[in-house]
There are 2 protein chains.
Amino acid sequence: MAVFLSSFVNKVDKKGRVSVPASFRAVLGSDAQGIVVFRSLQQEALDGCSIAHLELLSESLEKLDLAPEMFELIETTIFGGSVQIPFDGEGRIVLPSSLAQTIGITDEVAFVGRRKTFQLWNPQKLTEHDTSARSAARAQDISLSKIIAQASSKIEGGA
Amino acid sequence: MAVFLSSFVNKVDKKGRVSVPASFRAVLGSDAQGIVVFRSLQQEALDGCSIAHLELLSESLEKLDLAPEMFELIETTIFGGSVQIPFDGEGRIVLPSSLAQTIGITDEVAFVGRRKTFQLWNPQKLTEHDTSARSAARAQDISLSKIIAQASSKIEGGA
DNA sequence: TGATTACCCATGAGTGCCCATGGTATCCCA
DNA sequence: TGGGATACCATGGGCACTCATGGGTAATCA
């Protein structure tokens with residue numbers, strides 16, 4: 001199925017509009033009315049997803065037996081802090097300036113695909129994040145083919 | 001099964017198009033719509049693979065219990081940093097100039113088969129890398145027949 | 001009443017699609 | 001065995017379409 005891939009840097013214009021990349025809109029579907037955005041828990045970025053995905057998170061919360069503090073945190077910060085933003089006719093959104101300011105977005109936004117969701121970053125902060133992530137990968141000698149091999153052997157081992 | 005073998009150096013034209021070697025396209029399959037490309041974690045090159053291979057990596061990530069930092073790294077740099085590039089009618093791709101620039105590709109690209117995936121290099125940097133890799137192999141006295149023998153004894157030993 | 005939002009239209013750069021060509025390797029025939 | 005024909009591959013060019021960007025106006029809201 002279609003997933004959010006790649007990263008794009010698009011401009012924010014004087015009216016605060018920014019184009020959601022066409023490939024992300026394609027993943028969202030032609031009948032998508034917009035997206036949902038909220039502050040990321042782990043990074044200095046915004047998390048973005050489809051409305052359906054937020055509903056999935058909501059259902060997941062009901063099913064799991066989460067600790068009350070975690071439940072409360074998610075209820076307040078994620079659901080309380082999320083905004084649903086419609087597309088205009090050209091596939092643009094207007095980012096609430098309060099959210100944009102929390103992550104340092106001024107005149108450009110980086111959209112970063114994360115398969116089921118995506119993130120919105122200040123492009124410079126994203127570059128810094130990426131650079132440090134790659135340094136860590138080199139230091140740990142991470143290999144994608146090893147990850148695939150481990151996942152395969154986990155299945156065969158009857159794990 | 002078919003694997004990516006050999007290396008080829010092809011030209012990049014004024015429109016940024018470059019032919020994917022015919023044997024690589026054959027491995028990908030006649031119904032392949034294109035390839036996926038992302039920055040290599042370990043080398044100054046791009047990693048290339050089929051769309052199915054990226055899906056395999058995606059499934060592997062879901063199956064393994066990776067450390068959160070490693071998961072985050074792969075989600076952002078590999079999936080966020082990958083692009084799905086379609087073939088044109090003649091089996092060419094257009095490399096995004098942002099990716100091409102990170103590895104110093106200007107007017108030629110070296111395609112290097114790595115069995116299940118392949119890499120894209122600046123041809124000169126590939127030559128330098130190969131030279132230093134061969135020096136390291138001689139220093140470590142690497143023998144291909146020893147590798148085969150060790151793998152065979154590992155299988156028979158019921159490891 | 002002013003600011004903001006929604007809706008509509010326009011434009012240029014880049015992309016996708018299509019067609020053409022030259023070179024090389026392979027195959028077939030004399 | 002050599003030459004010609006054919007097929008395949010890499011390379012080059014042109015045109016239509018898409019995408020991101022920009023602007024204007026009317027409606028809505030505070």
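So that the names make sense, note that chain A is the first sequence line, chain B the second, and so on, each numbered from 1.
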Listed nucleotide nearest any side-chain atom of B:Pro86, set D:dC9, C:dT5, C:dG16: C:dG16
note: A:Ile93, atom CD1; C:dA6, atom P; distance rounded to Å ~ 12 Å
Could you check how far CZ of A:Phe8 sits from P of D:dT18, rounded to whole Å? 17 Å
Please tell me if B:Arg25 has a side-chain N or O lying less than 4.0 Å from either OP1 or OP2 of D:dA10. yes
With a 3.5 Å cut-off and just heavy-atom distances, do the side chain of B:Lys11 and the base of D:dG12 make a donor-acceptor pair? no
Can you measure A:Asp107 atom CG to D:dT21 atom P for me and round it to whole angstrom units? 11 Å
NZ/NE/NH1/NH2 to OD/OE distance under 4.0 Å, A:Asp130 and B:Arg39: yes
Quick test of your reading of the model: are B:Glu72 and A:Arg114 salt-bridged, counting only N-O distances below 4.0 Å? yes
Using whole Å, what does the distance between atom P of nucleotide C:dT4 and atom CG of A:Asp13 come to? 14 Å
Whole-Å gap separating C1' (D:dC19) and CZ (A:Phe111): 14 Å
Rounding to an integer number of Å, can you tell me how far B:Lys14 NZ sits from D:dG14 P? 9 Å
Kindly determine whether A:Glu90 and A:Arg25 satisfy salt bridge (Lys or Arg N to Asp or Glu O under 4.0 Å), including the steps that lead there. CA-CA 11 Å; A:Glu90 286 67 44; A:Arg25 300 200 312 269; over 6 Å; no
With a non-hydrogen cut-off below 4.0 angstrom, is A:Asp88 in contact with a base, only sugar-phosphate, or nothing? nothing
Can you measure A:Phe87 atom CZ to C:dT5 atom C1' for me and round it to whole angstrom units? 17 Å
Taking A:Lys116 first and then B:Glu75, would you say they form a salt bridge - that is, a charged N and a carboxylate O separated by under 4.0 Å? no
Tell whether B:Glu90 reaches the base of C:dC19 with its side chain through a donor-acceptor pair below 3.5 angstrom. yes
Taking the six-membered ring for Trp and the full ring for Phe, Tyr or His, determine whether the centres of B:Phe24 and B:Phe4 are under 6.0 Å apart. yes
Which residue lies toward the 5' end of DNA chain D, B:Ser23 or A:Ser23, if each is placed at its nearest nucleotide? B:Ser23
Taking the side chain of A:Arg92 as heavy atoms from C-beta outward, which of D:dA20, D:dG22, C:dC18 is closest to it? D:dG22
Among the candidates D:dA10, D:dT21, C:dC17, find the nucleotide nearest to the side-chain atoms of B:Arg17. C:dC17
In whole angstrom, what separates A:Lys15's NZ from D:dG24's C1'? 7 Å
